[in-house]
Amino acid sequence: MFEIKIVYAGGKAESGSLSDIESKLKKGKALAIKVEGDLKDISMIGQLGDDTVLEAITFDSAEGKEIFRHSTSHIMAHAVKELFPEARLAIGPSTEEGFYYDFDLERTLTPEDLARIEERMSEIIKSNNRFGRKVMARKDAIELFKKAGENYKVELLNEITDEEVSLYEEDGFVDLCRGPHVPSTGVIRAFKLLSIAGAYWRGNEKNKMLQRIYGTAYDDKKGLNEYLTFLDEVKKRDHRKLGRELDLFSLNEDIGPGLILWHPNGAIIRRAIEDFWRDEHAKADYKLLFSPHIAKLDLWRTSGHWDFYRENMYSPMEIEEIEYELKPMNCPFHIQVYKSNLRSYRDLPVRYAELGTVYRYERSGVLHGLLRVRGFTQDDAHIFCREDQIEEEVVRVLDFTVFVLRTFGFDKYDIYLSTRPEKYVGSPENWERSTEALKHALELKGLSYSIDPGEGVFYGPKIDIKVKDSLNRAWQCSTIQVDFNNPERFDVGYRGSDGREHRPIMIHRALMGSLERFFGILVEHYAGAFPLWLAPVQTAVLTIAERHADYALNVAGRLRAEGIRVESDLANEKIGHKIREATIRKIRYSVIIGDKEVSEGLLSVRRRNGENLGSMAFEDFLGLIKADIKLRR
RNA sequence: GCCCAUGUAGCUCAGUCGGCAGAGCACAUCCUUGGUAAGGAUGAGGUCACCGGUUCGAUUCCGGUCAUGGGCUCCA
């Protein structure tokens, strides 16, 4: 008997004959199938042999989402072509969260156009057109698209090496596509077009700028709504918005783009982070140092930055006929400190750390709040060690990184190991050994990682750690880089046990990356409601009426004397108003002072979430607040 | 840097098809002294980003510059 077995992602399986397998797949919400590792359209089941085992691909899998959204992007292109026949099609892939399609179109698309396109898409979906697959000779396809004036498709076809290509058609709309696609347009239950942006053809700025429409699609309204709610939450947490509302920092047109003003509230948080950072580095046996903001240009020639990194550096300035340069990196300074003395193998490893402020020229279009700026402070360190010490040092750095990131509530990470790129310095053996050392270190710590082949810096392999924030977004912060190049360039050495000079290895590492960026990430991670040890205002003292002012000021004074950051609100306003203000300012504890508190000599304490802790003695409240601070919660 | 959009009060935003510029919040003063997320009244506050052009007249139209935002690319 002719039988086909269907396996679902969850492990569920069923079998059927060729005649009823299609309806079974449909019932199982399959979008496509996978046979022997190859993704295929459901319509291709006719070509399957007896006793085939096929995997049903549903929206739940990454592959399913990709197919689903890719199909939606075709529907969008279809709608755009109908509304704007002069549009030329470029590419329309799925992305992690949705899809996009690039169009070459004279007319500038507007948000109103998006609404029209959405409307037309809904109609196409309602018609439930079948996605039909057609295979044809590549040269025939070129003819076809040439005739249609689709020059971008022709360009793509000219680069494809296969002699046969596949096209997909749905109600007269034909597009070049590898597939597979969902069976018909009707399965797209929920979609939304999100934005219009410019994008270069093939991402190359030498090419023409196209118009890109971003959108997303889900197999039910619920999924889409959840995603839209997520986008909303992202907007609410935007550090630029919260930065203004909480008076944390600002950018200023008169000062310059990408240059940050830290306001008192932001500065308190930064100080708390820095104090923590310095204390912990001292404990971890790093030596802390400071270095200047400018140095002679020759230093950057020696380091190679002037050759390799010039486009990101500010222009040199001439002083007494010598060129000086604003520093884009801290490493040359640390190297000079290392070189200020003769070093023995007994001294290694030497660990230098600095909160070093650097300036890098970033193209104006990439600047973004605190996340991408031109002046920033790196939590930088350089470890000088012997090659056989790399692994142990990297293990220490990994432990340290995890500890620091955990302190800020980051418990989940994605770790990447980047290997040798095409352009590199040092011997392949060096690369091999240090890459292995990084691998061993990661494995020793039981940290799972992915390999980014060829993504290492030219001077050595590296480990990058991306933290996952409370919305599960990944942010690259920490980096650990092995460097064979700079010790060479600066002729760095140490006296070995054999009495001869040897070359140490340098490890560059940053845990938070840049304070500006890390701070921005923290604002979004905590949605502005910082744990108490970071909070600019740890408690607010609110009075019910004016006669309570003296008592309130006394309470605030005693808290301040205990090192608590406290503000009092004696304004002529109702208590509800004051509580609202404190809540909006994300102050965790409000102390309320009225007749009752004054007569009993107590405090009434309210948490920001509305929880009323009732009356308590000053000492009890102090204990509560100090416990939060100590536990960094 | 490039494409597109935006720039009006401290903030969020209306508005002027070219004719003395508006709201809410915030701020100030006064009234109210109120018990857990917005009490009331009055008032002050703007070279409509900047520079130039067209015009009797420009915040509005045109050109340029700067800044911000969404992307492309790059990265901490």
Side-chain angles (χ1 to χ4, degrees), chain A residues 100 102 104-105 107-111 194-214 238 240-241 244-245 247 250-258 309 311-312 328-329 356 358 360-380 455 457 464 466 475-479 481 508 510-521 542-549 570-585 590-597 604-615:
Chain A
Y100 65 81
D102 289 344
D104 183 359
L105 178 60
R107 171 205 157 102
T108 301
L109 291 166
T110 65
L194 298 167
S195 60
I196 311 162
Y200 298 105
W201 166 236
R202 318 199 107 180
N204 186 333
E205 60 188 286
K206 294 203 179 81
N207 290 339
K208 183 161 186 191
M209 179 70 73
L210 308 174
Q211 297 190 67
R212 175 173 295 181
I213 302 178
Y214 282 94
D238 190 315
R240 294 164 301 186
K241 178 172 160 351
R244 197 182 308 109
E245 287 170 4
D247 202 10
S250 64
L251 286 134
N252 183 316
E253 203 170 323
D254 293 331
I255 288 171
Y309 203 70
E311 60 180 26
N312 280 297
M329 304 267 179
V358 297
R360 298 182 185 174
Y361 167 70
E362 297 285 356
R363 299 159 105 197
S364 58
V366 306
L367 300 174
H368 179 91
L370 293 173
L371 302 183
R372 198 61 190 276
V373 297
R374 286 183 175 162
F376 59 98
T377 301
Q378 291 182 304
D379 68 318
D380 210 356
E455 286 301 306
V457 201
D464 286 331
K466 293 189 182 180
W475 303 95
Q476 149 115 50
C477 295
S478 320
T479 184
Q481 308 178 346
H508 305 244
L511 310 183
M512 300 184 278
S514 107
L515 286 179
E516 283 74 6
R517 180 182 158 80
F518 193 72
F519 176 53
I521 294 166
L542 318 178
T543 52
I544 302 274
E546 277 173 14
R547 62 179 174 280
H548 309 125
L570 313 176
N572 179 8
E573 286 293 349
K574 291 193 172 180
I575 193 66
H577 181 88
K578 296 184 187 182
I579 284 171
R580 182 183 144 80
E581 299 251 289
T583 307
I584 288 170
R585 293 179 61 200
S590 286
V591 170
I592 291 152
I593 306 294
D595 288 339
K596 189 165 149 270
E597 288 72 24
S604 202
V605 180
R606 181 192 197 275
R607 277 222 174 89
R608 194 176 89 93
N609 59 16
E611 198 183 341
N612 193 338
L613 303 183
S615 298

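The shown structure was predicted, so the numbers you read here are calculated from the model rather than taken from an experiment. In what follows, every chain begins at residue 1, and chains take the letters A, B, ... in the order their sequences are listed.
Heavy atoms of other residues, nucleotides or ligands lying less than 6.0 angstrom from CD of A/Glu311 number 12 at most.
Side-chain nitrogen and oxygen atoms of A/His368 include at least one within less than 4.0 Å of the OP1 or OP2 phosphate oxygen of B/G70. Residue A/Tyr309 places no side-chain N or O under 4.0 Å from the OP1 or OP2 atom of B/C75. When the side-chain nitrogen and oxygen atoms of A/Arg240 are compared with OP1 and OP2 of B/G70, one or more of them lie within a distance under 4.0 Å. OP1 or OP2 of B/U12 has at least one side-chain nitrogen or oxygen of A/Arg244 nearer than 4.0 Å. The shortest distance between the side-chain N/O atoms of A/Tyr200 and the OP1/OP2 oxygens of B/C74 is not below 4.0 Å. For B/C2, neither phosphate oxygen OP1 nor OP2 lies less than 4.0 angstrom from any side-chain nitrogen or oxygen of A/Arg363.
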Scan nucleotides 43-47 of chain B against the protein and return all N/O pairs shorter than 3.5 Å with their distances rounded to 0.1 Å.
none

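Between the side-chain ring of A/Phe518 and the base of B/A76, no stacking contact exists by the 5.5 Å and 30° definition.
Using atom C1' as the reference point in both B/C72 and B/G57, the two lie 44 Å apart (nearest Å). The same atom, C1', is picked in B/U68 and in B/C11; the two are 16 Å apart, to the nearest Å. Spacing between B/U60 and B/U47 at atom P, rounded to whole Å, works out to 15 Å. Between B/G40 and B/U8, the distance separating the two P atoms is 29 Å to the nearest Å. For the C1' atoms, the distance linking B/G53 with B/C20 amounts to 24 Å, nearest Å. Comparing B/A41 with B/A26, their P atoms sit 13 Å apart, to the nearest whole Å. On the C1' atoms, B/U59 is 13 Å away from B/G22, given to the nearest whole Å. B/A44 and B/U29 have their C1' atoms separated by 10 Å, with the value rounded to a whole Å.
With hydrogens and angles left out, the side chain of A/Arg212 and the base of B/C72 share no donor-acceptor pair within 3.5 Å. Remark: the A/Glu362 side chain and the B/A76 base include a donor-acceptor N/O pair separated by less than 3.5 Å. The base of B/U36 lies close enough to the side chain of A/Ser604 for a donor and an acceptor atom to sit less than 3.5 Å apart.
For A/Leu367, the side chain to side chain contact (heavy atoms under 4.5 Å, CB included) partners are A/Pro257, A/Glu362, A/Arg374, not counting sequence neighbours. For A/Lys596, the side chain to side chain contact (heavy atoms under 4.5 Å, CB included) partners two or more places apart in sequence, or in a different chain, are A/Glu600, A/Ser615.
Distance from the side chain of A/Glu205 is smallest to B/G1 among B/G39, B/G1, B/G35. For A/Arg606, whose side chain is taken as the heavy atoms from C-beta onward, the closest listed nucleotide among B/U33, B/A76, B/A37 is B/A37. In the set B/G71, B/A76, B/G35, B/G71 carries the atom at the smallest distance from any side-chain atom of A/Met209. With distances taken from any side-chain atom of A/Tyr214 to the nucleotides B/G35, B/G71, B/G34, the minimum falls on B/G71.
With pairs defined as Watson-Crick or G-U wobble and both atom distances under 3.5 Å, the stems of at least three pairs that touch RNA chain B come out as B:1-7 with B:66-72, B:10-13 with B:22-25, B:27-31 with B:39-43, B:49-53 with B:61-65.
Residues from residues 576-585 of chain A placing a heavy atom under 4.0 Å of any atom in RNA chain B, listed by number, are A/Gly576, A/His577, A/Ile579, A/Arg580, A/Thr583.
Mapping A/Met512 and A/Tyr361 onto RNA chain B via the closest heavy atom, the residue that lands nearer the 5' end is A/Tyr361. Comparing A/Arg372 and A/Gly594 along RNA chain B, the residue whose closest nucleotide (by nearest heavy atom) sits nearer the 5' end is A/Gly594.
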For every nucleotide of nucleotides 59-67 of chain B, 5' to 3': is a protein heavy atom under 4.0 Å from its base (B), only from its sugar-phosphate (S), or from neither (-)?
-------BS
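The pair A/Glu581-A/Arg585 does not meet the salt-bridge criterion, since no charged nitrogen lies less than 4.0 angstrom from a carboxylate oxygen. Taking 4.0 Å as the cut-off between side-chain N and carboxylate O, A/Arg363 and A/Glu205 count as a salt-bridged pair.
Using a 4.0 Å heavy-atom criterion, one finds that A/Leu367 contacts the sugar-phosphate atoms exclusively. Across all strands shown, A/Lys596 has heavy atoms under 4.0 Å from base atoms, whether or not it also approaches the sugar-phosphate. Residue-level contact check: A/Val358 touches neither bases nor backbone, having no heavy atom under 4.0 Å from any strand.
Side-chain atoms of A/Lys206 and A/Tyr200, non-hydrogen and from C-beta on, never get closer than 4.5 Å to each other.
The two residues A/Asp595 and A/His548 have their closest heavy-atom pair at OD1-NE2, 2.6 Å.
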